[in-house]
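Notes to accompany the following structure.
Note on naming: letters A, B, ... go to the chains in the order of the sequence lines (proteins, then strands), and numbering restarts at 1 for each one. Quick note: numbers below take in every heavy atom, side chains included, and nothing from hydrogens, waters or symmetry partners.
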2 protein chains.
Amino acid sequence: MSQGSGNMPPKRPLTLRDVSEASGVSEMTVSRVLRNRGDVSETTRAKVLEAARELGYVPNKIAGALASSRVNLVAVIIPSMSNMVFPEVMTGINEVLEGTELQPVVGITNYKPEREEAVLYQMLSWRPSGVIIAGLEHTEAAKAMLGAAGIPIVEIMDTDGEPIDSAVGISHRRAGRKMAQAIIDAGYKRIGFLGTKMPLDHRARKRFEGFTQVLAKAKLEIADSEFYSGGSALKKGREMTEAILKRNEENPLDFLYYSNDMIGAGGLMYCLDNGIDVPGQIGLAGFNGIEFLDGLPRKLATMDACRLEIGRAAAQIIAKRVETPDAPGGEVITLEPSIAYGETLKRKKKLI
Amino acid sequence: MSQGSGNMPPKRPLTLRDVSEASGVSEMTVSRVLRNRGDVSETTRAKVLEAARELGYVPNKIAGALASSRVNLVAVIIPSMSNMVFPEVMTGINEVLEGTELQPVVGITNYKPEREEAVLYQMLSWRPSGVIIAGLEHTEAAKAMLGAAGIPIVEIMDTDGEPIDSAVGISHRRAGRKMAQAIIDAGYKRIGFLGTKMPLDHRARKRFEGFTQVLAKAKLEIADSEFYSGGSALKKGREMTEAILKRNEENPLDFLYYSNDMIGAGGLMYCLDNGIDVPGQIGLAGFNGIEFLDGLPRKLATMDACRLEIGRAAAQIIAKRVETPDAPGGEVITLEPSIAYGETLKRKKKLI
DNA sequence: AGCGAATATGTTATCGCTAACAAATTCGAT
DNA sequence: ATCGAATTTGTTAGCGATAACATATTCGCT
């Protein structure tokens with residue numbers, strides 16, 4: 001099966017030369033067979049493949065990439081992998097890239113700009129064919145690297161700002177505004193906000209900005225808010241909800257807007273456990289549209305962040321640009337998130 | 001900032017030679033400065049770093065790796081990224097690798113052996129410094145590749161079987177046995193099983209085997225079972241629970257063992273929503289110990305799969321072997337999962 | 001000042017593969 | 001047979017970095 005018909009364990013890794021010697025043709029011909037490139041007669045093709053299989057040869061992409069200056073990697077740089085949202089983006093990316101020669105390589109930044117910069121540097125040093133990176137906010141150095149890399153760059157998730165090259169996402173300001181409008185339309189007045197203690201989560205910040213902006217237009221403002229960091233989001237949602245409701249017992253809140261579905265689900269459970277009428281006494285809404293919500297006792301209102309679609313579109317942009325290197329670039333795709341009212345947000349009162 | 005002080009966009013990617021020319025020293029010296037290797041005077045070091053920064057030079061690891069035959073990548077091959085368990089393993093791996101020069105590269109197999117084989121081949125063609133791969137079951141070809149790669153291999157999650165090199169995990173058979181024993185000890189008799197329709201999830205299969213084995217010793221067997229695939233696990237847990245309970249109304253079940261926490265949580269919610277007394281009328285248990293459970297109205301009994309610890313230990317084995325290439329290898333670490341009784345599994349009746 | 005040991009820098013030869021071009025072989029049509 | 005075109009195979013020269021060795025330079029000490 002490997003290494004000269006069951007001989008000693010391998011010492012030196014195999015190279016093209018080994019296959020070439022074993023099959024009696026030149027290295028170049030072996031290379032051609034293994035890459036399906038150029039004309040090779042059926043006879044030698046079979047001979048070479050047989051030899052390669054017999055030896056257990058695995059090509060060395062490092063050498064191949066250096067020689068051809070083609071690297072079929074796409075760098076994907078995202079803040080986190082543990083909150084449901086980016087895994088789904090990855091699924092979208094994978095779906096599209098599986099149909100090509102490109103392979104994604106993921107780097108995690110933990111929402112830290114300096115970490116992002118370091119990860120980006122590492123990634124670029126592999127000379128990938130493209131970069132998909134979350135967000136529009138980066139350090140100056142990171143922006144310079146991206147600008148100078150000479151490869152397609154797609155910034156994802158967010159389109160509120162100036163992309164370096166291409167961008168795919170939703171407008172989080174608009175998402176915040178839309179949700180605020182729906183809440184106002186449904187007649188809620190005393191609104192609480194619950195979110196993460198994350199000055200660096202720009203998307204959450206933009207949603208918040210859009211949200212308060214629309215409230216302001218209706219002469220409303222956030223009645224109270226609560227922030228968390230770390231721990232089980234579900235549990236935190238529960239705890240924060242308890243805290244904010246207790247704190248406002250005299251002048252009770254009638255709506256809670258959560259910055260993500262997980263804490264929203266926790267809040268929902270708290271309300272149900274404590275006999276609070278949802279959405280009569282109090283309305284609830286989250287953000288993201290995670291599949292998980294389907295299993296809850298009551299369906300939480302949310303807004304879909306189009307994660308799968310974002311992943312797909314971003315990968316498509318890269319794939320297209322790799323195929324057609326002199327295509328223009330600079331494409332911006334803004335997806336439109338839609339509200340899922342679920343069962344925790346009253347519909348707009350019918351107009352007469 | 002880049003490319004000759006704000007000139008035209010970059011055409012040809014920068015190389016060591018560019019930095020060398022810009023700083024007036026040899027390429028070798030630049031290389032030494034950039035890698036912090038060998039003696040370089042403070043003066044030239046500063047000069048070189050300045051030039052590199054000024055140009056926006058990013059080293060080419062492809063070329064570096066080929067020349068030094070050292071690739072600081074660790075291939076991590078796992079079945080999925082969307083079910084809470086592997087992201088946590090990744091966190092453990094990352095934690096350890098961040099302290100080294102090694103960088104993880106992830107490949108996803110979707111529980112398909114042929115996909116695993118393909119991903120492995122891709123990964124090995126980058127000549128990584130080590131491989132961390134989930135499970136002990138692989139195709140013959142995959143085993144051959146792993147055996148012949150000449151690098152440290154760590155098979156993770158499971159230790160019920162013969163590893164190729166090293167292994168870190170728990171015994172899933174033992175985990176199944178342990179849970180069965182706890183259930184029997186608590187006095188439950190009519191036990192239902194709910195799991196995934198996944199003939200290729202060997203770990204789940206082994207847990208099931210261990211589980212039934214202990215039941216058999218106590219002259220018990222699974223009273224009924226239910227399987228699912230795809231969709232929201234939480235919802236599926238709810239639906240399967242309803243189905244299995246309805247089907248056994250005449251001779252009701254008194255325990256439900258779920259093959260993962262997510263469907264367990266769905267089942268728990270179903271029971272609570274329908275006024276079923278847990279754990280009095282019926283006991284419930286899952287598997288994995290996901291953090292998520294903390295936020296549930298009642299804490300589900302489960303068994304910790306030691307995911308974080310598995311990731312850490314696996315990465316440590318690789319890191320150690322990379323540092324000391326002639327160390328023996330073949331290390332097997334079996335972690336001991338412990339039962340978390342939560343509030344859905346009665347404790348063993350006190351012995352007199 | 002003078003000499004060997006450090007310390008700093010430069011040179012040369014790969015690493016394993018592929019692009020580009022060159023040579024050899026096959027083949028059909030005359 | 002014979003020639004040119006088409007097909008198949010081989011040769012040569014890097015890709016951009018680093019290892020290993022060679023050559024300056026600097027320095028302390030007698």
Side-chain angles (χ1 to χ4, degrees), chain A residues 10-49 51-52 55 57-72 101 122 124-129 149-150, chain B residues 10-49 51-52 55 57-73 101 122 124-129 149-150 325:
Chain A
K11 293 286 76 114
R12 179 183 46 75
L14 295 166
T15 74
L16 266 192
R17 152 155 271 113
D18 296 293
V19 183
S20 136
E21 280 167 4
S23 55
V25 299
S26 72
E27 297 177 37
M28 196 59 227
T29 302
V30 176
S31 169
R32 280 194 267 253
V33 170
L34 264 29
R35 285 178 301 149
N36 273 314
R37 196 139 321 180
D39 302 307
V40 181
S41 75
E42 214 26 75
T43 342
T44 51
R45 160 179 306 280
K47 209 164 45 177
V48 168
L49 285 176
L55 292 170
Y57 172 71
V58 178
N60 185 332
K61 273 199 189 159
I62 304 262
L66 182 60
S68 65
S69 45
R70 261 187 277 106
V71 183
N72 295 323
E101 297 205 302
Q122 296 293 322
L124 287 182
S125 74
W126 288 103
R127 298 288 186 271
S129 297
Chain B
K11 293 285 76 113
R12 178 184 44 76
L14 295 165
T15 73
L16 264 192
R17 152 156 269 113
D18 296 292
V19 184
S20 135
E21 279 167 6
S23 55
V25 299
S26 73
E27 297 178 39
M28 195 60 227
T29 302
V30 176
S31 169
R32 280 194 267 254
V33 170
L34 264 29
R35 285 178 300 149
N36 275 313
R37 196 139 320 178
D39 302 305
V40 181
S41 76
E42 214 26 74
T43 341
T44 50
R45 160 178 305 280
K47 210 164 42 176
V48 168
L49 284 177
L55 292 170
Y57 172 70
V58 178
N60 185 331
K61 273 199 187 158
I62 304 261
L66 182 61
S68 64
S69 47
R70 262 187 275 104
V71 183
N72 295 323
L73 296 176
E101 299 206 301
Q122 295 294 322
L124 287 182
S125 73
W126 288 104
R127 299 287 186 270
S129 297

OP1 or OP2 of D:dA17 under 4.0 Å from side-chain N/O of B:Y57: yes
Nearest-Å distance for atom pair CG/P, residues A:D39 and C:dC27: 14 Å
Distance test, side-chain N/O of B:R70 to OP1/OP2 of D:dA19, below 4.0 Å: yes
side-chain contact (heavy atoms from CB on, under 4.5 Å) partner of A:Y57, chosen from A:V30, A:D18, A:L34: A:L34
Heavy-atom closest contact (A:L55 atom, A:A22 atom, distance): CD1-CB, 4.0 Å
Sugar-phosphate only, base, or nothing, as touched by A:S41 at under 4.0 Å among non-hydrogen atoms: sugar-phosphate
Distance in angstrom units between B:E42 CD and D:dT26 P, rounded: 17 Å
Point-to-point distance, once rounded to the nearest 0.5 Å, from CD of A:E101 to OG of A:S129: 9.5 Å
Approximate separation, where rounding is to 0.5 Å, of B:R32 CZ and B:T44 OG1: 10.0 Å
For B:R45 against B:N36, the heavy-atom pair lying closest together: NH1-OD1, 3.2 Å
For atom CZ of B:R12 and atom P of D:dG16, their distance in whole Å: 8 Å
Distance in angstrom units between B:R37 CZ and D:dA17 C1', rounded: 13 Å
Nearest-nucleotide pick for A:L66, side chain only, options being D:dA19, C:dT9, D:dG16: D:dG16
Global bending angle along the helix from C:dA1-D:dT30 to C:dT30-D:dA1, which compares the axes of five pairs at either end, to 10 degrees: 30°
Whole-Å gap separating P (D:dT18) and CD (B:E101): 12 Å
Length of the CD1-P vector between A:I62 and C:dT18, whole Å: 13 Å
Flag, side chain of B:S125 to backbone of A:V58, donor-acceptor distance under 3.5 Å: no
Considering all heavy atoms, the nearest B:L16-B:S31 contact: CD1-CB, 3.9 Å
Rounded interatomic separation in angstrom, taking CZ from A:R17 and C1' from C:dT18: 15 Å
Any B:T15 side-chain nitrogen or oxygen under 4.0 Å from OP1 or OP2 of D:dC15: no
Touch class at under 4.0 angstrom, heavy-atom based, for B:N60 against every strand present: sugar-phosphate
Of residues 21-33 of chain B, the positions that come close to DNA chain C - non-hydrogen atoms, cut-off under 4.0 Å: B:V25, B:S26, B:M28, B:T29, B:R32
Nucleotide of C:dG16, D:dA19, D:dA17 approaching A:A67 most closely (side-chain heavy atoms): C:dG16
A:S20 side-chain N/O to A:S26 backbone N/O, donor-acceptor pair under 3.5 Å: no
More than 12 heavy atoms from other groups under 6.0 Å of CZ on B:R17: no
Gap between atoms NZ and C1', on A:K47 and D:dT8 respectively (whole Å): 12 Å
Options D:dT18, C:dC17, C:dA19, nucleotide nearest the side-chain atoms of A:L16: C:dC17
Over all atoms of both residues, closest heavy-atom pair of A:L14 and B:R127: O-NH2, 3.7 Å
